[in-house]
Structure formats: structure tokens, C-alpha cells
Number of protein chains: 2
Amino acid sequence: MDGAPALRILVVEDDPELAAFIAAGLDRAGHAVVLAGSGEEADGLADARDFDAVILDRMLPGMTGLDLLRQWRGQGRRTPVLLLTALDGIDDRVEGLDAGADDHVGKPFAINELLARLHAIVRRTQAPEAAARIEQGGLVLDLLRRQLRYKGRLVALQPREMRLLEELMRQSGEAVTRAMLLERVWGFTFDPQTSIVETHMSRLRTKLADSGVPVAIEAVRNVGYRLVLHE
Amino acid sequence: MDGAPALRILVVEDDPELAAFIAAGLDRAGHAVVLAGSGEEADGLADARDFDAVILDRMLPGMTGLDLLRQWRGQGRRTPVLLLTALDGIDDRVEGLDAGADDHVGKPFAINELLARLHAIVRRTQAPEAAARIEQGGLVLDLLRRQLRYKGRLVALQPREMRLLEELMRQSGEAVTRAMLLERVWGFTFDPQTSIVETHMSRLRTKLADSGVPVAIEAVRNVGYRLVLHE
DNA sequence: TCATACCGTAACAGATCCGTCATGACCGGC
DNA sequence: GCCGGTCATGACGGATCTGTTACGGTATGA
């Protein structure tokens, strides 16, 4: 199942091995890949062609990924950028987001992780801005009131469960990585090595089922979870 | 101090005594008042002139306030309406809001209660719609993220304190009634006869002060509270 | 088929949040 | 100036929310 449409992706990575690994993964997911080995090359390519997203290594010979990113953002280029970073401190993360990155993945990473985050940023940047509510098949998540309704009826969720569902709904039909959930729902940039996600997911499932909400939260082995609406 | 500008108010009330009481209160607050004793009369007046808000008794001889309100809303008339209701059950409240009322006050009421609610609905309907953040002098309340920042620094608040501050900020400079707070923050339509508001207000004040936020939450005796920004 | 890692869930414990109460200060009216 | 009501605040106890652990089930790959 390829819920996501084919994308044109520019991969900026000087390590040939890593570049090939990424290209293979993207290709398998049905995306068109263009490789660049340096910031200068990437800049030229981005001028000449239009990409749906850019996967950009933070460390590059010569012009670094951050330099390039800042330059692009300075020029008003809005293409979503997924930053690859070897360093994995909090400061790097902030610095990357400050420079205008839409998300980041710390090396080493699983290809699924990268794909999920890539799809997420493309979807996010293409979606109309900052909705205060998410609606899907009778399910209404009001982010301002922090209320979930199904067919008008309130479904009581705890704050964590609400956040969890929010992330699943933003990405409905596609897998959301365990790491993405930890990062966005808990603010963890590491794996706590407990079943915290599974536990809350279990509670969420129970409450949704008890309220008769026709959705399934599927586990995607070794990746994370996916929300599926029943027809 | 009249932070609010003078308003043109239509009061639809068949009881002459109550009408006079309301008119006197509005007049003292600097507003222009027009009285109508029946729904039919009110309808004619609303056609002929433009009002900033309408205070509408739910019970009227002949055409009830709800009938009139529904008719107006059906015609696309958007003037904010404050409903006066003798009955005070939950159903009436819902029914009133369903009919298109912006707020309601149960009889008997203090004139301050009515004024505060009146100003609130006028301000709300004139303000640009449904902001996801409220900013005021370096204070930023992000309603989606449920975060309060002062000069970029996070100020940790509990959910209830956040809601409380939200109501105060929406109405900055003007008094917010104790009843309004109970209704909007707690969902209470009655007074619990405890110092629940005072307690949370105290906690909120402490946290704001500890973070150096230059605002004062002033108690307005017999009315409620008011948020004041220090210059 | 078996071993292993992954996932699901119940049970427990701690932290946090919240409402109540008691006490004391303050304010306003008489 | 006194009295009564209003408001402020600290302390306490309970409810809720949350994270961990443990154990059982299930899928996957050798």
C-alpha cells in the first residue's frame, strides 16, 4: 500500500554509501531521487528543478548543510527540508530548526524512520496551515478545547492520549514512528526503554473502542503505529 | 475608568421595573439604551437602527425571546445577543446557545454581571476570529501548545491556571466576573461556595510573579478579577 | 518448529493536580 | 472605629494521571 504519492526528492549527502542506502530506500517507496554530493551542487540542482522535499546532511565538505539551508530560507525557498545529523545533542536540534529545517533524523537511522518523517513534513507543508481541529470520518479532534467527539458525542481522553491520537490523525493512514511519538508527545529525544508508548496506545485503543469509534490503531512492526479508518 | 467604548444597546424586556434597572446600569456605564417591550417592537427597531448588542429577555408576551433570536439568526443578523433567563437549568442554557445567543444571564443578576458579560460578547464578536494565541506586552499564550511564554521564556502553569489566565487575557483590562470564570473554566453554572477561584488565582499570581511577568491580577470587589498590564 | 524479539495489557506506585478548609488580612459601610 | 463580608494564602487529602514493571501472547526469521 502506498498511501503517499510519489515524490521528487533531492538527497544531499557526500558519503556515497549512505547516499546509496537512502536512495535505495526512497526508490523502494516509489519516489524519484536526485543525488547531490555537495552544497554547491545541491544549490544548482534546486535552482534548476523543483523538488517536493530535500534530505540534507548537516555535515558536508565546504558549505555545510546548515549554511545551505539558511541561504535557501533567506531566499524564501520553502521546500521542506529533513536534516540528517550525526551529532545528537539538544542544541543541534534547536540550531537545525532555527535554520529552517522541518525535521531532523539522527544518524544512524532506520530507513523507515526517514521515510515516515519525510512523508510527515511533506504532508505538513502541503496541508493548509495550523488547523485548530482535525476531522476524519465523524471523528473530530478539537485542539483548542482539547475535546474529542465522535458523532457529536464526547469521548473522554487523558491529555497524553489526546496528543497521541493527534499525531496519529495528522498522519492518518501512514505509519508514525515510535521515535516521532516519543519526540512529539513526550519531548523525549531518546528511547526510555520502557513500554510507555505501548501502554498509552493500549489505553487509547480501549477508550476508542468503548466509545464505538470505528478506527483501528495498527502496530507496524519495528516502526510504530498507524491509524486506519474503517469504512 | 471606561476601558470599553460607549455602545448602542437594545434592551428587550417587558417588565418595566427590570427594564429601568437595566437601562440605569447601562446608562451609568456610558452606553446608549433603547428599550423595547415586545419582540415585535424589538424587531422593528432592529430593522430601523444598528445596535452593538441586544439584551433580550427569554420570556416575552407573544413572541418569545428565543423566537425572535431564531428569526434574526435565520435572517443572518449577527448582532451579539445576551439572553436574560429566569429558568436556570442546563437545558435552557443549551437551548439559548443553540438558538444563537452569545451568552446568557440568569435572573436575578447583579448589574455588574450583566455589564461584564455584555462587554465580553461585544469584544468577542468584534475581535478577529478564534486566535490560537493571545499576545500582550511580551506575554504570549499559545492555546494550541498550551504554553505561556514571557520574553521567550516558558512559564509553567497548570491546566486550570492556564484557562484562568486565558479568560483574563481575553478580557484584558476589564473585569471578568466570578460567575464567568466558574462557567468557562470549570463548567459550573452554580457557585460551589468554596474559594476555588481565589485559590487558583493565588497560585497563578505566584507563578506569574516568580517569573517576573509584569502584570497584576486585581480583585474587583463583589465582581471578580481584572488583568492589568504594568507599563 | 523453535527461539527470540516485539507487542499488548493489567497492576502497581509515585507524581501531579485539584478542591476544600482554616486562618488571617483587608476593605467598606454604618 | 467597629463589624461583617470579601479576598488571600498555606496546608491537607483525595482524585487523577502517568510511567514502570511484569507477564502473556503473537509474529518473524532462522
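Atom CG in Leu204(A) sits roughly 14 Å away from atom P in dA10(C) (whole-Å rounding). Rounded to whole angstrom, the span from the CG atom of Leu157(B) across to the P atom of dT16(C) amounts to 16 Å. The CZ-C1' distance, from Arg160(B) to dA15(D), rounds to 13 Å in whole Å. For the pair Phe190(B) CZ and dG19(C) P, the interatomic distance rounds to 11 Å; values are reported in whole Å. Between Asp191(A) atom CG and dT20(D) atom P there is a gap of 10 Å when expressed in whole angstrom units. Per the geometry, CD1 belonging to Ile196(B) stands 18 Å off P belonging to dG10(D), to the nearest Å. Glu198(A) places its CD atom 18 Å from the P atom of dG24(D), with the value rounded to the nearest Å. At whole-Å resolution of the value, CD in Glu161(B) and P in dC18(C) are 7 Å apart.
Contacts of Arg203(A) with the nucleic acid, taken as non-hydrogen atoms under 4.0 Å apart, include base atoms. Here Thr206(A) lies out of heavy-atom contact (under 4.0 Å) with every strand. Note on Pro159(B): only backbone sugar-phosphate atoms sit closer than 4.0 angstrom, heavy atoms only; bases stay farther off. The residue Val220(B) sits close only to the backbone: its heavy atoms come under 4.0 Å of sugar-phosphate atoms, none of a base. Contact annotation for Phe188(A): no contact, since no heavy-atom pair falls under 4.0 Å across all strands.
Under 4.0 Å is where a charged nitrogen must lie from a carboxylate oxygen, and between Arg133(A) and Glu166(A) no such pair does. Salt-bridge formation is not detected for the pair Arg205(B)/Glu218(B): no Lys NZ or Arg NE/NH1/NH2 atom is positioned less than 4.0 Å from an Asp or Glu carboxylate oxygen. Looking at Glu183(A) and Arg178(A), no side-chain N of the basic residue comes within less than 4.0 Å of a carboxylate O on the acidic one, giving no salt bridge.
Of the possible polar contacts, none joining the Ser211(B) side chain to the Leu208(B) backbone as a donor-acceptor pair under 3.5 Å is found. Between the side chain of His200(A) and the backbone N or O of Glu161(A) there is no donor-acceptor pair closer than 3.5 Å.
The phosphate of dG19(D) (OP1 or OP2) has a side-chain N or O of His200(A) nearer than 4.0 angstrom. A sub-4.0 Å separation between OP1 or OP2 of dG8(C) and a side-chain N or O of Tyr225(A) is present. Between Trp186(B) and dG19(C) there is a side-chain N or O to OP1 or OP2 distance below 4.0 Å. Proximity of Gln158(A) to the phosphate of dT16(D): no side-chain N or O atom is located under 4.0 Å from OP1 or OP2. Neither OP1 nor OP2 of dG8(C) sits under 4.0 Å from any side-chain N or O of Ser202(A).
With Leu82(A) as the fixed residue, the side chain to side chain contact (heavy atoms under 4.5 Å, CB included) test singles out one of Val54(A), Val122(A), Leu56(A), Ile121(A): Ile121(A).
Counting atom types as modelled, Ser195(B) pairs no side-chain N or O with a base atom of dT20(C) as donor and acceptor under 3.5 Å. In terms of polar N and O atoms assigned as donor or acceptor, the side chain of Arg221(B) never comes within less than 3.5 Å of the base of dG29(C) in a complementary pairing.
Sequence order on DNA chain C of the closest nucleotides to Gln193(B) and Lys207(B) puts Lys207(B) first from the 5' end.
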